[in-house]
Number of protein chains: 2
Amino acid sequence: MKQDIFQAIADPTRRAILTLIAIQALTPNAMAEKFDMSRQAVSKHIKVLQECGLIKPEQSGREIYYHFNPKKMKEFDNWLAQFRTMWETKFNQLDKVLSTIKKQKK
Amino acid sequence: MKQDIFQAIADPTRRAILTLIAIQALTPNAMAEKFDMSRQAVSKHIKVLQECGLIKPEQSGREIYYHFNPKKMKEFDNWLAQFRTMWETKFNQLDKVLSTIKKQKK
DNA sequence: TATATGTGCAACTTTTGGGTTGCGCAAATT
DNA sequence: AATTTGCGCAACCCAAAAGTTGCACATATA
């Protein structure tokens with residue numbers, strides 16, 4: 001099951017994980033302690049995040065440190081770019097488009 | 001049921017709707033024709049998008065044109081901002097953090 | 001006024017997703 | 001060598017979400 005980066009971010013726990021490990025890499029157990037949640041539940045979220053490339057594992061003995069992958073997160077930024085001009089321009093172009101459609105109907 | 005903007009964006013059909021109406025406002029029927037999907041299914045997605053404020057309805061007789069709300073989308077951009085510095089800096093700070101943790105363990 | 005069209009709402013079915021439990025394995029500890 | 005610890009994997013349960021069907025209602029059109 002190939003995971004989607006948008007779907008990965010939809011879950012609030014996974015967003016919290018990303019915010020945490022953006023500061024410092026953590027093991028699954030360490031994450032589970034931060035949230036009031038079982039290790040296995042956290043592990044499932046880790047799997048989703050890892051499958052879509054948002055986090056990367058780093059083995060250290062029997063512990064695994066997961067760290068954040070900013071490059072993958074940039075894909076969001078790329079997707080958002082198509083809308084960015086719309087909130088940056090004070091002059092709202094949507095109203096223009098809408099009225100244009102209405103005129104065409106007449 | 002208050003909808004979450006992250007969850008709203010998670011669905012590929014809803015993202016397609018946003019991309020479509022960012023260009024020009026559309027009615028539910030017009031959207032359903034674009035996708036291979038029933039009007040009612042599209043209407044459900046519309047409801048989700050509307051509840052979280054990403055789109056706004058504009059009544060015109062018996063038709064309803066839904067248009068994109070860029071301001072709401074900017075909330076997503078705001079959340080993304082916390083990670084932006086990480087992919088902008090060429091020098092990857094994560095490796096530093098990771099090695100720091102390892103040292104602390106010793 | 002009768003009919004067609006565009007829409008939302010509610011009930012139902014099917015699929016997906018988050019969480020728990022139980023297990024096995026490998027690395028550390030005794 | 002035996003035990004503890006950290007982890008992933010698989011099976012299962014339950015809640016939520018996506019899609020379908022049927023309906024009601026309001027606005028156009030004949």
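In what follows, chains are A, B, ... by sequence order, proteins preceding strands, each numbered from 1.
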Results of side-chain hydrogen bond (donor to acceptor under 3.5 Å, both in side chains) for B/Asn78 - residues two or more places apart only: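 By the side-chain hydrogen bond (donor to acceptor under 3.5 Å, both in side chains) rule, B/Asn78 matches B/Lys74.
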
Does A/Asn29 have any side-chain hydrogen bond (donor to acceptor under 3.5 Å, both in side chains) partners at least two apart in sequence or in another chain, and if so, which? none

Just to verify, what does A/Arg62 make a salt bridge (charged side-chain N to carboxylate O under 4.0 Å, His left out) with, not counting sequence neighbours? none

What pairs with A/Glu33 under salt bridge (charged side-chain N to carboxylate O under 4.0 Å, His left out), at least two apart in sequence or on another chain? none

Let me know the distance between [atom1] of [X] and [atom2] of [N], rounded to the nearest Å.
X       : N      : atom1 : atom2 : answer
B/Leu49 : D/dA18 : CG    : P     : 10 Å
B/Phe6  : C/dG17 : CZ    : C1'   : 19 Å
A/Phe35 : C/dG18 : CZ    : C1'   : 14 Å
A/Lys47 : D/dA11 : NZ    : P     : 11 Å
B/Glu51 : D/dA17 : CD    : P     : 11 Å

Phosphate OP1/OP2 of C/dG19 contacted by A/His45 side-chain N/O (<4.0 Å):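 Checking C/dG19 against A/His45, a side-chain N or O does come within under 4.0 Å of OP1 or OP2.
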
Residue-phosphate contact under 4.0 Å: A/Ser38 side-chain N/O, C/dT20 OP1/OP2: yes

With sequence neighbours excluded, residues passing side-chain contact (heavy atoms from CB on, under 4.5 Å) with B/Lys56: B/His67, B/Asn69

My understanding is that only residues two or more places apart in sequence, or in another chain, count here; which of them pass side-chain contact (heavy atoms from CB on, under 4.5 Å) with A/Thr19? B/Gln82, B/Phe83

Among pairs that include at least one residue of residues 5-25 of chain B, which meet salt bridge (Lys or Arg N to Asp or Glu O under 4.0 Å), considering only residues two or more places apart or in two chains?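 Salt bridge (Lys or Arg N to Asp or Glu O under 4.0 Å) check on residues 5-25 of chain B returns A/Asp4-B/Arg15.
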
Any B/Leu80 side-chain heavy atom under 4.5 Å of A/Asp77 side chain: yes

Pairs under 3.5 Å (N/O, protein and nucleotides 4-8 of chain D):
residue, atom, partner, partner atom, Å
D/dT5, O2, A/Arg62, NH1, 3.0
D/dC7, OP2, A/Asn29, N, 3.1
D/dC7, OP2, A/Asn29, ND2, 2.7
D/dG8, OP1, A/Tyr66, OH, 2.1
D/dG8, OP2, A/Ser43, OG, 2.8
D/dG8, N7, A/Arg39, NH1, 3.2
D/dG8, O6, A/Arg39, NH2, 3.1

Name the residue closer to the 5' end of DNA chain C, choosing between B/Lys44 and A/Met37 according to the nucleotide with the nearest heavy atom.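 On the 5' side of the pair lies B/Lys44.
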
Check DNA chain D against residues 8-19 of chain A and give the residues with a non-hydrogen atom under 4.0 Å, in numerical order. none

Centre-to-centre under 6.0 Å for A/Phe76 and A/Phe6, is that the case here? yes

